[in-house]
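In listed order, ligands and their atoms are each counted from 1.
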Amino acid sequence: MDQNLTEQIVRLKQEKKALIIAHNYQRPEVQDIADFTGDSLELSRKAAATDAEVIVFCGVHFMAETAKILSPEKAVLLPDEEAGCPMANMITAEQLDEERAKHPGVQVVCYVNSSASVKAGSDICCTSANAVQVVEAMDGDRPILFVPDQYLGHYVMRKTGRELLLWPGYCPTHMKITVKDIDTRRALFPDARVLVHPECRPDVIDAADEALSTGGIIRYAREYQGKTLIVGTETGILHRLKKENPEVKYVPVTDKSLCPNMKKIDQGKVLLSLQEMEPRIEVPENIRQGALAAVERMLQI
Ligand code: 13P
Ligand code: SF4
C-alpha cells in the first residue's frame, strides 16, 4: 500500500465528509482504505443509512447507481466511470417492457445487477443474498419474470420450487468456473468444502457444497471448522477472507474467475475522484422514483 496516497485519501475523506465503500471483489489496496466492505445487499443498506455527504463507491456502475437511488441528496462518486457490469447491460428497459407485455399479470423481480431504468420497470429488486426470500414473498398466483441473470434465477427456482420465467443474461466471470475445476481442486483437497456464488452455472452449483452471496461466503468462513475452503467466485474475495480468518487456507476454484470491471478502481483513482468530486453518478428523478420503489420493497424484506 502506498502510504502517501493512503494518507492523502484519509485527509481528503475527512475534509469532504465522505464515506468510502467497497465491494468484496475490489483490489486489496482499495478494500484496505474503505470504511466498509461488503456484498451488494450490505452496501445498499450502508448507502441508505449513512449520514456522510459524499459516498465514494468502489464497485461497478449499478452499485453506485443504487446508492444514488437511495441517497439522492448525496454526491455519489464512482472513481472509474468505465467500471460497468456486463450482465447488467444484457437487458434494457425497452426489452423488459416488451417481455412484460407478453405475460399478462406478470411480476418482475430484477437482480440488483441491472440499470436504474430496468429497476424502475420492475416490481421488486433482489440481490444474491435475498433472492430466495424475495421470490418467496411474491404473489403465488401470478407468473414471475426474473431478470437478467438466468443462473441466479435457476438457483432460486430450485430453492423455492416456484416456476420462474428467466431472461437469458449471465455473468461472464462466473461462467468461467466449471465442474472440472471443482473436481480438480477436490482431488487436491479432499476434506475441503466448496463454496460458489449463485451466479455460477447450475451444474457448478450442484457440484459445490453451498451457493452463497459474497457476504454469505465471508460469514461461512468465520464459522468454518475445517482447514481449507475452496472458493468459486471472483478472486478478489480472497483478500478479505485471508484478512479476517487467516487460520483457514483459501483456494480459488480457478484463477480465471476475475472480473476486469471490478479491478478498474485503484487508490490513485479514489484520490482523484475525491479531489475533483468526479465522476458523479446521476439518475433522472422520474427513473429514480420508480427504481427506489423496487429497491425499497427489497430492503423491507
Ligand atoms: P454479491 O451481492 O454476492 O456481492 O455479488 C455481486 C456480484 O456482482 C457478483 O458477481
Ligand atoms: Fe457483473 Fe459478474 Fe463482474 Fe459481478 S462479477 S460485477 S456480475 S460481471
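Checked by atom type, the side-chain pair H103/E99 shows a donor-acceptor distance below 3.5 Å. Side-chain atoms of T235 and Y25 include no donor-acceptor pair closer than 3.5 Å. R193 and Y220 share a side-chain donor-acceptor pair at under 3.5 Å.
Taking 4.0 Å as the cut-off, E199 counts as a neighbour of ligand 1 on heavy-atom distance. Look at H23 and you'll find a heavy atom under 4.0 Å from some atom of ligand 1. Heavy-atom separations between M87 and ligand 2 include at least one value shorter than 4.0 Å.
Of the candidates E234, E29, E82, K263 forms a salt bridge (Lys or Arg N to Asp or Glu O under 4.0 Å) with just one, namely E234.
Annotation for ligand 2: atoms under 4.0 Å from non-hydrogen atoms of E199 are 2 (Fe), 7 (S). Which parts of ligand 1 touch S213 is read off a 4.0 Å heavy-atom cut-off, strictly below it: atoms 3 (O). Within ligand 1, the atoms closer than 4.0 Å to a non-hydrogen atom of D39 are 1 (P), 2 (O), 4 (O), numbered from 1 in the order shown. Counting atoms of ligand 1 from 1 in the listed order, those under 4.0 Å from a heavy atom of S128 are 1 (P), 2 (O), 3 (O). Per-residue contacts place H174 under 4.0 angstrom from the following atoms of ligand 1 (heavy atoms of the residue considered): 10 (O).
Nearest non-hydrogen protein atom to atom 8 (O) of ligand 1 is N113 ND2, 3.3 Å. Here the heavy atom of the protein found nearest to atom 2 (Fe) of ligand 2 is C171 SG, 2.3 Å. P86 CD, 3.4 Å is the protein heavy atom nearest to atom 8 (S) of ligand 2. Scanning the protein for heavy atoms near atom 3 (Fe) of ligand 2, the closest one is C259 SG, 2.4 Å.
Heavy atoms only, all atoms of each residue included: I218 and N24 are closest at CG1-ND2, 4.3 Å.
For the pair H174 and I177, the minimum side-chain heavy-atom distance is below 4.5 Å.
Taking a 6.0 Å sphere around CD of E136, one finds it holds more than 12 heavy atoms contributed by other residues, nucleotides or ligands. Sparse packing is recorded around CG of D51, with 12 or fewer heavy atoms of other residues, nucleotides or ligands lying under 6.0 Å away.
Proximity annotation for atom 4 (O) of ligand 1: of N261, V60, T214, L212, T214 comes nearest, heavy atoms only. Nearest-residue assignment for atom 7 (S) of ligand 2 (options N261, N113, T233, L152; heavy-atom criterion): N113.
Under the 3.5 Å distance criterion, the side-chain polar atoms of N261 are left unmatched by any main-chain donor or acceptor of C85. Between the side chain of Q289 and the backbone N or O of N286, no donor-acceptor pair lies under 3.5 Å.
Polar contact check, H197 against ligand 1: a nitrogen or oxygen pair lies under 3.5 Å apart. Below 3.5 Å of separation, one finds an N or O of S40 facing an N or O of ligand 1.
With 2.8 Å as the limit, C85 does not count as an N, O or S neighbour of atom 2 (Fe) of ligand 2.
Here the straight-line distance linking atom NZ of K264 with atom NE2 of H61 works out to 12.0 Å at 0.5 Å rounding.
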